[in-house]
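Working notes, structure below.
The first residue of the sequence shown is numbered 1, and numbering continues consecutively from there. Because the structure is predicted, anything quoted here is derived from the model rather than measured. Computed from heavy atoms alone, side chains included, the values below leave out hydrogens, waters and symmetry copies.
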Amino acid sequence: MALPSLAVSSSTGQLTGQGLDGCYRDGRRVLARCEVRAAGGEPLVVQGQLLATDRARFTGVVRRTGERGPDPEIRMERLRFADGTERITFYSSATRPVRLPVEIHLGTDLADLGAVAVGLPGPELRAAVHGSGLRWSGRGAHAVVTVSPAPQDALASAGLLRWELDLPPGGRRTLELQPRLEYDAGGPQAPTGRVGRVTVPGPRTGSTGPRARSERPPRSWSAARLECDDHRADALMAGSLDDLHGLLVRDPALPADVFVAGGFPWRCGLAPAEALWAARMLLPLGTRLAACTLRTLARTQQATPGADFGRIPGSLRDAGPHAPPGCTGIEATLLFPVVLAEARRWGLPDQETERLLPAAERCLQWLRTATDPRGGGRGGYLPDPAPDGPYRCETQAHAHRAAVLGADLLDACGSPGAAALRDWAAELRARFRTDFWLEDRTGGRPAALLTGDGRPVPHLGAGAAHLLDTGLSGGGTFAPGLLDAPQTDRLARLLRGPAMDTGWGLRGLGAKEGGYNPFGHRSGAVRVHETAVAVAGLAVAGHEAAAGALAKGFLDAAESFGHRLPEMFAGEQRTANAVPVPHPAACRPAAVAAAGAVHILVALAGLRPDVPARTVAVRPLGNAPLGAMQLTGLTLAEQPFAVRISRLGMGMVEEAADGLQLGS
């Protein structure tokens, strides 16, 4: 993947036209079939390997009639890039010259990615010979494949190209395929659209463009590196950052701004809440991605006077069996001032903060309007979706964090309104600790939500972990949370209990709750993002043993997925010699999963910066759950930052900006 281009195949490398197989560009399938045959049969592929997010290699052997012995004399290597470019090389170990017949079967339907992903592709189009390859024409667009060297025979009706390759002893021959998408000049452009859960970006202006690899956005974070006693953590950090780079997308409105797409295959475009979560979790690697993402979303903010003024649009998403769908736009609106405030702590330049401040102020204005009892709000709680609710536990946590950090931001920038936000947040804390806390003989639990008439719904899920995420405040401290200390301790014990912790991560809904489904999106599956929030929150709250145990289980799960985590996996209990069960509808790569992995690994170091105050505190977990670790290539105050954590849980800053003082 290297958005807006991506390629999908099985580990054989053959594109069969079945399922999601194909090469895509701008959300359309440029090539659905690309099947290689040599010496009259399919090569036997012995290895398919993802070299990086944007390229893969497939190695196979070719058996010819009359060969003696078990050792093949011809091997094949297919190197494929995200834009569909392929280099197919045949190597000969024979002692005499070999003439090798090669065929490549090509085809496409030019279908939209969304339609393909939900099983509704179009019919295969008829090919025409075009230069040294083939061409297919569809609605407003054309797919073209050129091949070098040119084929000796081309059968357009069968989508077939043929060669007779002469391989000298010990020699090799290479075929290079280059697919591209062309648009009709002045004709209709493939629209940005949604099919089911799928979001695909529309094409760029112009009929054709350079190959995707030359259009890739620059990496929007520092080249961070982890060296840990547990080398699986190193691989997870590298793989996650590679996945995120493959998901980078330029904003069509202003190509200098980039953001991280939600994930493949369902959300290959802008998913506001997920883009902000990814930017927030990558702040230790620099503030550029956060600034770009905030600028992009500020351009989408509701500007028409009314109840929605200041809100960032977003789609509804499933919330499990006990609640109606929630609104991702509300989550994004509340995240906006939080990301800006925390980016400032990590060193976002003052001029950038001032540029984005008006949009953050509009988000905070929307929050106050939506929670005003005179406008329909109940008791100052924020309904999600607005205006009818229900009142979700995690939404109140997002709102409280936005108010507290937003107030700090307003004070720092000399803007009015901070005192009112702090008063509202204090009142919310007092009410929440009574209205949302359900006492029982075991010590109580937070309610999942309040219904519109104020009845609590007691189901426990991973969404409660957001109560532990209070947000980075000044002087190396974190903002106060909605729960008091005993309630926080009780929640920590609940999250670490077997009903919630699978041994690989937290279930979206506890195993003892009604409606639990280990494959449920929000009703039992392990969502990587929520487990990452829990690990960081438990560490900040002082529950280091719980945070470390979750982190180690998380790392075990990541290893089973080749250190490239999916968005979610089944919430089945871990047993001896078992591995996590993949979820069939999970995005992989997924922005919040990859960023969540980085978040967990950096959280173990306990970094607490306050660049405006020129301080940084390092408070790692004292139990050092992954052993000694060294993080280099981080960015703080726009300068390189490196920290080492010993096996005894002691932190030492090895590189930092001049004038930055180590806090307590």
Side-chain angles (χ1 to χ4, degrees), residues 221-228 279-291 337-354 356-357 401 404-414 418 422 469-481 536-537 539-542 544 547 598-624 628-664:
W221 46 80
S222 61
R225 184 179 178 186
L226 173 63
E227 294 183 23
C228 183
R280 184 185 180 210
M281 289 175 163
L282 293 179
L283 281 172
L285 279 64
T287 61
R288 182 176 183 269
L289 179 64
V338 169
V339 174
L340 181 57
E342 291 187 325
R344 179 176 170 272
R345 297 290 179 197
W346 282 96
L348 184 70
D350 289 343
Q351 61 269 27
E352 194 65 60
T353 303
E354 293 167 4
L356 290 162
L357 181 64
R401 184 179 59 223
V404 174
L405 297 192
D408 286 349
L409 183 66
L410 295 179
D411 272 348
C413 297
R422 289 196 181 94
D469 178 15
T470 60
L472 183 63
S473 190
T477 63
F478 283 80
V540 169
E544 294 187 351
V598 176
H599 187 55
I600 285 178
L601 296 172
V602 175
L604 299 180
L607 303 182
R608 303 185 180 192
D610 188 354
V611 170
R614 305 301 297 171
T615 65
V616 59
V618 181
R619 300 178 188 175
L621 271 64
N623 56 353
M629 55 191 298
Q630 181 184 35
L631 281 159
T632 57
L634 303 180
T635 299
L636 184 58
E638 297 194 292
Q639 297 295 320
F641 185 82
V643 63
R644 182 187 295 273
I645 310 300
S646 74
R647 294 184 181 91
L648 300 177
M650 302 295 292
M652 180 176 67
V653 174
E654 295 189 323
E655 184 179 18
D658 291 341
L660 202 61
Q661 301 296 315
L662 188 62
S664 59

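- Side chain of Thr470 to main chain of Ala479: a donor-acceptor pair is present (N/O by atom type, distance under 3.5 Å, no hydrogens or angles).
- In this structure, CG on Leu631 lies 12.5 Å from CD on Glu655, to the nearest 0.5 angstrom.
- In this structure, CD on Glu352 lies 14.0 Å from CZ on Arg344, to the nearest 0.5 angstrom.
- Between Ile645 and Val618, the closest side-chain pair of non-hydrogen atoms falls below 4.5 Å.
- Across every non-hydrogen atom of Thr287 and Ala343, the tightest pair is CG2-O, 3.7 Å.
- At distances below 3.5 Å, at least one donor-acceptor pair connects side-chain atoms of Thr353 with backbone N or O atoms of Pro349.
- Rounding to the nearest 0.5 Å places CZ of Phe478 at 7.5 Å from CD of Glu342.
- Asn623 and Glu544 make their closest contact through ND2-O, 3.3 Å (heavy atoms, listed as atom of the first residue, atom of the second, distance).
- Just one residue in the list Leu472, Leu636, Val643 forms a side-chain contact (heavy atoms from CB on, under 4.5 Å) with Leu607, and that residue is Val643.
- For the residue pair Gly471 and Leu405, the shortest heavy atom distance occurs at CA-CD1, 3.9 Å.
- Taking each heavy atom of Ala290 and Leu283 in turn, the nearest pair found is CB-CD2, 3.8 Å.
- Looking at heavy atoms from C-beta onward, Leu660 lies out of side-chain contact with Thr615 at the 4.5 angstrom threshold.
- No more than 12 heavy-atom neighbours from other residues, nucleotides or ligands sit within 6.0 angstrom of CE on Met650.
- Here the OG1 atom belonging to Thr477 is positioned 8.0 Å from the CG atom belonging to Asp610, to the nearest 0.5 angstrom.
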Evaluation steps, side-chain contact (heavy atoms from CB on, under 4.5 Å), between Leu348 and Leu340: CA-CA 8 Å; Leu348 184 70; Leu340 181 57; 3.6 Å; yes
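- Remark: Arg647 pairs with Asp229 by the side-chain hydrogen bond (donor to acceptor under 3.5 Å, both in side chains) rule, at least two apart or across chains.
- Atom OG1 of Thr635 is separated from atom CZ of Arg288 by 12.0 Å, given to the nearest 0.5 angstrom.
- Taking all atoms of both residues into account, the shortest heavy-atom contact from Pro620 to Gly651 is CG-N, 3.9 Å.
- For the residue pair Ala536 and Ala603, the shortest heavy atom distance occurs at CB-CB, 4.1 Å.
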Val611 vs Val616, side-chain contact (heavy atoms from CB on, under 4.5 Å): CA-CA, chis, key distance, verdict: CA-CA 7 Å; Val611 170; Val616 59; over 6 Å; no
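- Between Asp408 and Ser473, some side-chain heavy-atom pair lies under the 4.5 Å cut-off.
- Taking 4.0 Å as the cut-off between side-chain N and carboxylate O, Arg614 and Asp658 do not count as a salt-bridged pair.
- Residue Leu604 holds its CG atom at 10.5 Å from NE2 of His599, rounded to the nearest 0.5 Å.
- More than 12 heavy atoms of other residues, nucleotides or ligands lie within 6.0 Å of CZ in Arg422, so this atom counts as buried by the packing criterion.
- Looking only at distances, a side-chain donor or acceptor of Ser222 sits under 3.5 Å from a matching main-chain atom of Gly633.
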